[in-house]
Amino acid sequence: MAIEQNQIGEWVDRLASKAPVPGGGGASAVSGVLAAALGQMVANLTVGKKRYADVEENMIADIARLSRLQTEMFALAERDAEVFAPLAQAYGMPKETSEQIAAREQVMEERLLDASLVPLAIMEKAIEILEILDQLESEGSRMAVSDVGVAAQLARAAVGGAVMNVYINTKSMKNREKAEKLNKKAAELTQKGFEQADAVYERVQKKCGK
């Protein structure tokens with residue numbers, strides 16, 4: 001099936017434009033969408049094959065889980081755009097008097113937090129996808145193992161892209177204790193996600209003859 005430009009072009013055109021959304025957070029989530037979709041493809045190619053009859057129930061469960069994660073990643077891409085608009089508005093709030101400054105800082109803190117939590121959720125979902133890909137690498141169709149490697153790289157990109165959106169928002173937070181707590185969680189998720197993705201990718205490379 002050929003990709004029709006108008007099927008994905010509108011979103012990509014907005015991403016390429018100077019419009020504030022979508023941006024890196026949404027692109028990270030879409031990477032997760034693609035990772036989940038490729039994982040489903042591998043599982044679907046495994047189901048119904050006599051050679052893999054003993055893991056068919058696992059494959060069917062993986063398809064359902066990845067379908068859910070794909071939907072959730074799409075929702076997070078939309079949510080990322082939704083939380084950016086109020087944050088952008090907050091940057092434009094007046095700051096001429098002490099009262100205005102205090103009000104602006106309060107609103108900024110709330111909206112920076114919202115804008116940090118979305119990419120953290122993207123990272124968590126990407127790690128869930130990677131956990132399934134780990135299973136698909138060992139149990140899925142050998143004919144599609146390279147696609148597991150591609151999916152792992154896409155999920156890795158979702159993690160590595162989303163963490164940038166955490167850091168850029170926590171950098172502006174006045175509550176440094178809260179910011180560092182979010183940064184610590186983001187760093188832990190990054191390490192976990194990268195390790196999982198790299199482990200899957202390395203095993204796939206070996207199966208591909210590298």
Side-chain angles (χ1 to χ4, degrees), residues 22-47 49 52 54-80 116-170 181-210:
S28 299
V30 170
S31 290
V33 168
L34 296 174
L38 265 179
Q40 289 173 78
M41 185 193 78
V42 174
N44 276 311
L45 287 170
T46 308
V47 170
K49 302 292 178 60
Y52 303 103
D54 58 334
V55 297
E56 182 154 326
E57 288 187 9
N58 291 345
M59 294 297 107
I60 293 171
D62 288 343
I63 291 168
R65 290 176 64 196
L66 287 166
S67 177
R68 170 182 59 80
L69 287 163
Q70 179 180 322
T71 299
E72 290 172 348
M73 279 294 204
F74 265 128
L76 285 168
E78 291 297 318
R79 181 60 182 157
D80 184 75
S116 301
L117 293 177
V118 174
L120 281 172
I122 292 170
M123 297 173 77
E124 290 170 342
K125 298 301 178 185
I127 288 171
E128 286 189 58
I129 293 169
L130 283 163
E131 290 168 352
I132 301 170
L133 294 175
D134 182 81
Q135 178 185 337
L136 287 173
E137 181 278 324
S138 62
E139 296 183 352
S141 171
R142 291 291 291 270
M143 297 295 292
V145 71
S146 62
D147 296 296
V148 177
V150 176
Q153 291 295 80
L154 287 166
R156 192 185 197 280
V159 172
V163 73
M164 294 295 97
N165 287 270
V166 177
Y167 292 153
I168 196 65
N169 289 306
T170 57
K181 183 177 180 181
L182 293 169
N183 287 343
K184 181 181 178 182
K185 182 175 182 180
E188 290 170 351
L189 290 172
T190 302
Q191 181 176 358
K192 182 177 181 179
F194 281 9
E195 288 177 353
Q196 286 180 322
D198 292 346
V200 172
Y201 190 69
E202 182 177 345
R203 296 200 306 272
V204 169
Q205 281 191 315
K206 289 179 180 179
K207 287 185 176 179
C208 289
K210 175 64 175 177

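By the 4.5 Å heavy-atom criterion applied to side chains, Gln196 and Val159 are not counted as neighbours. Within the 4.5 Å cutoff, side-chain heavy atoms of Ile63 are placed close to those of Val47. Between Glu124 and Glu72, every side-chain heavy-atom pair lies at or beyond the 4.5 Å cut-off. The shortest distance between side-chain heavy atoms of Asn44 and Met59 does not fall below 4.5 Å. Leu66 has its side chain out of reach of Gln70: every pair of non-hydrogen atoms, C-beta onward, lies at least 4.5 Å apart. Here the side chains of Asp80 and Pro22 are not in contact, with every heavy-atom distance at 4.5 Å or above.
Around OH of Tyr201, the count of heavy atoms belonging to other residues, nucleotides or ligands within 6.0 Å does not exceed 12. No more than 12 heavy atoms of other residues, nucleotides or ligands sit less than 6.0 Å from atom CZ of Arg142. Under a cut-off of 6.0 angstrom, the local environment of OH in Tyr52 is crowded, with over 12 non-hydrogen atoms contributed by other residues, nucleotides or ligands. Counting heavy-atom neighbours within 6.0 Å of Glu188 CD, excluding the residue itself, gives a total above 12.
Between Asp54 atom CG and Glu139 atom CD the span is 7.5 Å, to the nearest 0.5 Å. Atom CD1 of Ile132 and atom CG of Asn58 lie 11.5 Å apart (nearest 0.5 Å). For the atom pair CD of Glu202 and NZ of Lys207, the computed distance is 13.0 Å after rounding to the nearest 0.5 Å. Rounded to the nearest 0.5 angstrom, Leu189 CG and Ile122 CD1 are separated by 12.0 Å. In this structure, CE in Met143 is found 11.5 Å from OG1 in Thr46, a value given to the nearest 0.5 Å. To the nearest 0.5 Å, the span separating CG on Asp134 from CD1 on Ile127 amounts to 13.0 Å.
Donor-acceptor pairing under 3.5 Å is lacking for the side chains of Gln135 and Glu131.
Pairing each heavy atom of Ala29 with each of Met73, the nearest pair is CB-O, 3.5 Å. For Ser116 against Asn169, the heavy-atom pair with the smallest separation is OG-CB, 3.3 Å. Shown here for Gly39 and Ala151, the closest heavy-atom pair between the two residues is N-CB, 4.5 Å. Considering all non-hydrogen atoms of both residues, Val42 and Ala144 come closest at CG2-O, 3.7 Å. Here the shortest heavy-atom pairing between Val166 and Ala186 reads CG1-CB, 3.9 Å. The two residues Ala35 and Ala155 have their closest heavy-atom pair at CB-N, 3.7 Å.
Of the residues listed (Gln153, Glu137, Met41), the one engaging Val148 in a side chain to side chain contact (heavy atoms under 4.5 Å, CB included) is Glu137, and it is the only one.
A salt bridge links Glu128 with Lys125; the closest basic N to acidic carboxylate O contact falls under 4.0 Å.
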